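Step one of this worksheet: look at the structure below.
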Amino acid sequence: MIKKYLGKFNAVSLSHELMKANIQPGQIWVDATCGNGYDTAFLAEAVTACGHVFAFDVQTAACEATEARAKQAGFKHISIFNDSHENTVKYITEQIDGAVFNLGYLPGAARKITTKPKSTKKAVKSIMGLLKCTGFICITAYVSHPGGRREYRAVMRMMRKKSMSGYQTIVFDEKPEKNPSPKVLFLQKQVDF
Ligand code: SAH
């Protein structure tokens with residue numbers, strides 16, 4: 001596992017840069033935590049109308065905000081599900097090109113509702129099973145709210161497991177134990193030779 005720090009970006013812009021480098025029109029992406037819909041809109045624009053974005057959130061208000069943003073932008077190639085990202089496989093039957101997780105709580109809403117280690121790990125694992133070769137998952141994790149660092153560590157432990165062979169993982173984090181800034185974790189399915 002490589003650990004790098006790229007000071008030029010904040011976590012969200014870094015995750016967008018990583019995605020932009022690979023995302024193509026026509027692709028299928030998942031926004032596992034759609035929140036206010038910024039990532040969903042970013043993905044929808046990049047995959048264009050010949051692609052598709054599946055967006056998930058447990059909060060109705062988040063789904064509504066995402067829907068409003070999609071409508072305003074005129075995007076029709078988005079499906080929004082008011083359900084936990086653990087259940088993505090119930091809704092998606094095709095293989096996907098990638099997924100984005102922006103963990104933590106919804107900015108401007110109740111901080112009590114946050115992503116949780118157990119369901120996040122379950123969701124990442126099930127979405128890994130949907131990935132095409134070279135498909136990737138980009139996870140932004142926040143460590144300064146209660147439970148955030150525990151969630152980040154849980155995902156990091158999962159990424160170190162043997163079952164991750166076949167996936168390349170990169171973590172953007174300067175001092176894993178101390179640095180309070182958000183982390184970006186990148187996981188890519190390797191090509192089968
Ligand atoms: N990407 C969003 C911000 C996400 S904030 C944006 O661009 O605005 C994190 C979101 O995760 C919150 O909206 C929260 O409701 C959602 N969330 C928490 N637990 C979840 C779960 N199990 N499944 C799906 N979404 C969840």
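Because only heavy atoms are used, hydrogens play no part in the values below, and waters and symmetry mates are left out as well, while side chains stay in. Since the structure is predicted, the reported quantities are computational estimates derived from the model, not experimental observations.
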Can you sort out the partners of [X] under side chain to side chain contact (heavy atoms under 4.5 Å, CB included), two or more places apart, ordered by chain and number?
X    : answer
F81  : F54, F56, S79, Y91
A70  : F75, I78
L130 : V89, I92, I96

- Item | Partner set under side-chain hydrogen bond (donor to acceptor under 3.5 Å, both in side chains) for K20, not counting sequence neighbours |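 Expected list: E17.
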
- Linked hydrophobic residues, I113 as query - side chain contacts closer than 4.5 Å: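 Members besides I113, by chain and number: V58.
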
- Apart from V12 itself, which Ile, Leu, Val, Met, Phe, Trp or Tyr residues share its cluster (side-chain heavy atoms under 4.5 Å, direct or through members)?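 Hydrophobic cluster check, V12: joined to Y142.
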
- Task: Decide if atom CD of Q72 counts as having more than 12 heavy atoms of other residues, nucleotides or ligands within a radius under 6.0 Å.
- Result: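 Not buried by this count: 12 neighbours or fewer within 6.0 Å.
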
- What ring-ring contact (aromatic ring centres under 6.0 Å, His included) pairs are there with at least one residue in residues 109-129, not counting sequence neighbours?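 Residue pairs with at least one partner in residues 109-129: there are none.
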
- Task: Quick one: which residue pairs count as a ring-ring contact (aromatic ring centres under 6.0 Å, His included) with a foot in residues 95-116, not counting sequence neighbours?
- Result: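 Every pair satisfying ring-ring contact (aromatic ring centres under 6.0 Å, His included) with a residue in residues 95-116: H85-F101, Y105-H145.
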
- Task: Scan for salt bridge (Lys or Arg N to Asp or Glu O under 4.0 Å) pairs involving residues 109-132, sequence neighbours excluded, and state none if there are none.
- Result: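 Checked against salt bridge (Lys or Arg N to Asp or Glu O under 4.0 Å) - neighbours excluded - the pairs reaching residues 109-132 are E86-K122, D97-K132.
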
- Query: Pairs in or reaching into residues 135-147: which pass salt bridge (Lys or Arg N to Asp or Glu O under 4.0 Å), with residues at least two apart or in two chains?
  - Reply: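 Listed once each, the pairs would be none.
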
Side chains of residues 22-32: which donor-acceptor pairs under 3.5 Å do they make with residues two or more places apart or in other chains?
residue: N22; atom: ND2; partner: L18; partner atom: O; Å: 3.1
residue: Q27; atom: OE1; partner: Q24; partner atom: N; Å: 3.0
residue: Q27; atom: OE1; partner: W29; partner atom: NE1; Å: 3.0
residue: D31; atom: OD1; partner: T33; partner atom: N; Å: 3.2
residue: D31; atom: OD2; partner: T40; partner atom: N; Å: 3.1
residue: D31; atom: OD2; partner: T40; partner atom: OG1; Å: 2.7

- Under the criterion side-chain contact (heavy atoms from CB on, under 4.5 Å), which of V155, D173, I139 is the partner of K183?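 One option only clears the test, and that one is D173.
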
- Query: With sequence neighbours left out, what residues match E64 under salt bridge (Lys or Arg N to Asp or Glu O under 4.0 Å)?
  - Reply: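 By the salt bridge (Lys or Arg N to Asp or Glu O under 4.0 Å) rule, E64 matches no residue at all.
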
- Item | Proximity of F172 and F186 rings by center, below 6.0 Å |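 Centroid distance F172-F186: not below 6.0 Å, so no.
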
- Message: Quick check: closest heavy atoms across D57 and C63, and the distance to 0.1 Å?
- Response: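 Smallest interatomic distance, heavy atoms only, reads O-SG, 3.6 Å.
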
